[in-house]
Amino acid sequence: MDAQEFLGKIIKDTEGREYHITGFLGAGGQGMVLKTKEGFLLKINTSADKEKYKERYSWLMQKGKQLPDETRIAFPIAILEEPHIGYVMHEAKGTMSLEDFCEKPEEIDDFVDWYFNATGGLNKRLQIGYLLARSLRYLHINGFAYVDLSPKNVLAAKEKNSIAIIDSDNITSGVYKPLIKGTDFYMAPEVAKNIGCINTLTDTYSYAIVLFKLLTACHPFIGDEAEDSNPDEVCKNANEGLYPYIGDDTIIENKNSVFENTKVFLTDELTELFRRMFVDGKNDSSKRPTLLEFMKACRHARYKVLKCECEGCDAEYYYTGKTCTCPSCDGHNKKVFTIMSIDMVSSEGKILIPLIDQDHMDTLPVYKTDVNHMVVGSEAKYIQRSFFDDNIPFDADKSIMAVGMSNIGELVLLNYLAYDIWTTNNKMGNSRKIEPFVKGKTKPTVISEKDNINYVFLLKNYDLTTERELIDLQQLEKFYGKTSISKMLVIAAEE
């Protein structure tokens with residue numbers, strides 16, 4: 001049945017609820033998705049195997065109720081009444097397909113305008129990559145694999161930091177085996193060659209391809225020559241891993257001219273993860289990086305993103321130091337604040353300040369964390385618990401502070417903790433209390449540009465770290481008396 005034939009019709013679910021069809025959203029190999037006046041979406045199965053999905057849809061609806069909302073997957077919420085085979089799902093409003101972020105339309109010539117204006121830019125893509133890995137990890141932790149991950153099955157909110165994964169038809173836990181291998185160009189080689197089973201490792205491989213395309217607008221195995229070859233042959237070779245990775249610097253074959261310009265959107269950390277996935281792990285799933293590693297890499301990359309302040313330039317880029325310039329216009333941001341998280345040790349009430357250019361504490365040699373660095377320009381950023389410790393569970397992560405630059409070049413801090421914290425400059429002068437932020441009642445704290453370096457102290461022994469086995473408090477206290485560990489931010493202005 002053609003999608004147009006459904007327009008204006010009424011379809012019921014097994015509970016007798018009616019849905020008025022108002023539009024067509026999309027179609028795939030297993031069916032079509034229709035819009036309804038009631039604000040829901042209907043999936044109508046039109047595949048050759050549609051009879052096999054009757055029981056499966058009920059199973060998916062049951063499992064969807066058991067999984068946490070953080071999976072962000074559109075599971076069935078009702079089953080359609082016969083003769084239709086399908087289900088009802090919630091509509092993710094205000095979203096656009098991830099395909100719109102990965103594939104530049106041919107009618108658009110300006111890549112920069114498409115990448116940064118039409119589709120949100122680098123920071124938006126990194127946030128989508130983080131959220132997608134997070135959703136899949138929730139699914140994997142609960143014993144399921146998604147199977148059919150590709151950009152067409154992911155929706156991203158235009159304005160908010162939110163995603164939704166649609167088309168849950170092929171999710172498997174070993175009880176129901178999927179009827180498909182996945183989507184061409186996004187499946188793992190062992191699946192394409194029928195020498196391995198679908199599992200969380202094959203899901204992660206598919207995720208890496210999606211993230212690579214999302215950030216670079218290139219497929220990791222499609223070079224310039226492959227784009228001009230026989231499409232069926234290219235598809236087979238890409239699926240089975242017969243092409244070398246376009247980012248492999250050890251070979252000269254299969255290079256992509258677009259990637260030579262877009263690889264600036266990959267940090268060293270992301271570059272290494274993709275190498276491990278598409279070189280070491282292409283044919284050896286045991287060597288593939290994990291979703292948690294990709295989550296951390298996307299988060300770390302977001303810490304480094306600056307938006308160019310030059311007139312007429314909307315590009316974003318990674319800040320690497322004072323001499324860093326925008327790769328799009330070669331411009332230079334007038335002022336940047338850098339923020340570093342470290343451990344702070346105090347003994348008998350005396351605070352020992354770490355030396356910025358050395359690897360030890362002044363008068364007290366002790367383990368010093370240097371977990372994360374953040375750069376702040378014209379756009380505000382949030383500091384979360386994970387900024388101090390990458391091992392914070394992602395379901396326990398939360399914002400501690402917000403930081404941004406005022407219109408006169410001063411750093412503004414908002415304290416989201418339930419208690420006061422303190423800030424002081426490098427001469428231990430101008431100490432001020434940063435009260436918990438209450439909208440409309442509490443004013444943000446301003447770090448003056450006159451102070452070259454500032455320290456922000458969190459509460460002593462605030463439980464941010466999961467382990468401190470490298471810091472032996474009992475041993476320290478034998479020599480220095482009562483000792484405590486706190487977390488500290490080191491803030492410096494760079495011009």
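Quantities reported herein were computed from a predicted structural model and do not represent experimental measurements.
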- Residue pair C326, C313: steps toward the side chain to side chain contact (heavy atoms under 4.5 Å, CB included) verdict: CA-CA 9 Å; C326 171; C313 184; 3.8 Å; yes
- Query: Hey, mind stepping through K296 and N391 against side chain to side chain contact (heavy atoms under 4.5 Å, CB included) and telling me if it holds?
  - Reply: CA-CA 10 Å; K296 291 179 179 179; N391 294 316; 3.7 Å; yes
- Task: List the steps, then state whether side chain to side chain contact (heavy atoms under 4.5 Å, CB included) holds for D314 with V112.
- Result: CA-CA 8 Å; D314 298 310; V112 172; over 6 Å; no
- Does the side chain to side chain donor-acceptor pair (under 3.5 Å) test come out yes or no for Y53 and N170, once each step is laid out? CA-CA 10 Å; Y53 279 90; N170 298 290; 3.3 Å; yes
- Before giving the answer on side chain to side chain donor-acceptor pair (under 3.5 Å), spell out for R385 and S399 the whole-Å C-alpha distance, their side-chain angles and the decisive distance to 0.1 Å. CA-CA 6 Å; R385 297 181 73 218; S399 294; over 6 Å; no
- Task: Give the intermediate values and the outcome of side chain to side chain contact (heavy atoms under 4.5 Å, CB included) for residues I44 and L34.
- Result: CA-CA 8 Å; I44 307 290; L34 305 172; 3.9 Å; yes
- Message: Run F387 and Y303 through ring-ring contact (aromatic ring centres under 6.0 Å, His included) and show every step you take.
- Response: CA-CA 9 Å; F387 188 67; Y303 292 154; 5.0 Å; yes
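Classification of D148 and K181 as a salt-bridged pair fails, no side-chain N sitting under 4.0 Å from a carboxylate O. Here D169 pairs with K43 in a salt bridge; the nearest charged N to carboxylate O distance falls below 4.0 Å. Using a 4.0 Å cut-off between charged nitrogen and carboxylate oxygen, R276 and D280 do not count as a salt-bridge pair. For the pair R288 and E190, the salt-bridge criterion is met [side-chain N within less than 4.0 Å of a carboxylate O]. In this structure, E316 does not pair ionically with K124, as no charged nitrogen and carboxylate oxygen lie closer than 4.0 Å. E240 and K236 are joined by a salt bridge, as a carboxylate oxygen and a charged side-chain nitrogen come within less than 4.0 angstrom of each other. Between D167 and K152, no side-chain nitrogen of the basic residue sits less than 4.0 Å from a carboxylate oxygen of the acidic one, so the salt-bridge criterion is not met.
Figure legend: R125 and Y130 shown without cation-pi pairing, the cationic atom not lying both under 6.0 angstrom from the six-membered ring centre and within 45 degrees of its axis.
Under the side chain to side chain contact (heavy atoms under 4.5 Å, CB included) rule, I339 has a single partner from N372, V375, L489, which is L489. Here the rule is side chain to side chain contact (heavy atoms under 4.5 Å, CB included) with W114, and of D100, I108, D109 only I108 fits it.
Shown here is D284, whose CG atom has more than 12 heavy atoms of other residues, nucleotides or ligands within 6.0 Å. Annotation: I252, atom CD1; neighbour count of heavy atoms from other residues, nucleotides and ligands within 6.0 Å does not exceed 12. Crowding of E311 atom CD: a count of heavy atoms from other residues, nucleotides or ligands under 6.0 Å not exceeding 12.
Taking the six-membered ring for Trp, H219 and F278 have ring centres at least 6.0 Å apart. Taking the six-membered ring for Trp, F212 and Y245 have ring centres closer than 6.0 Å. Aromatic ring centres of F274 and F294 lie closer together than 6.0 Å. Aromatic ring centroids of F40 and H90 lie under 6.0 Å apart.
V258 and C218 make their closest contact through CG1-SG, 3.6 Å (heavy atoms, listed as atom of the first residue, atom of the second, distance).
Ring orientation note: the planes of F111 and F265 are close to parallel, at an angle under 30° on the 30°/60° scale.
How far CD1 of I77 is from CZ of R17: 7.5 Å, rounded to the nearest 0.5 Å.
You'll find the side chain of T200 stays beyond 4.5 Å of the side chain of Y146, heavy atoms only.
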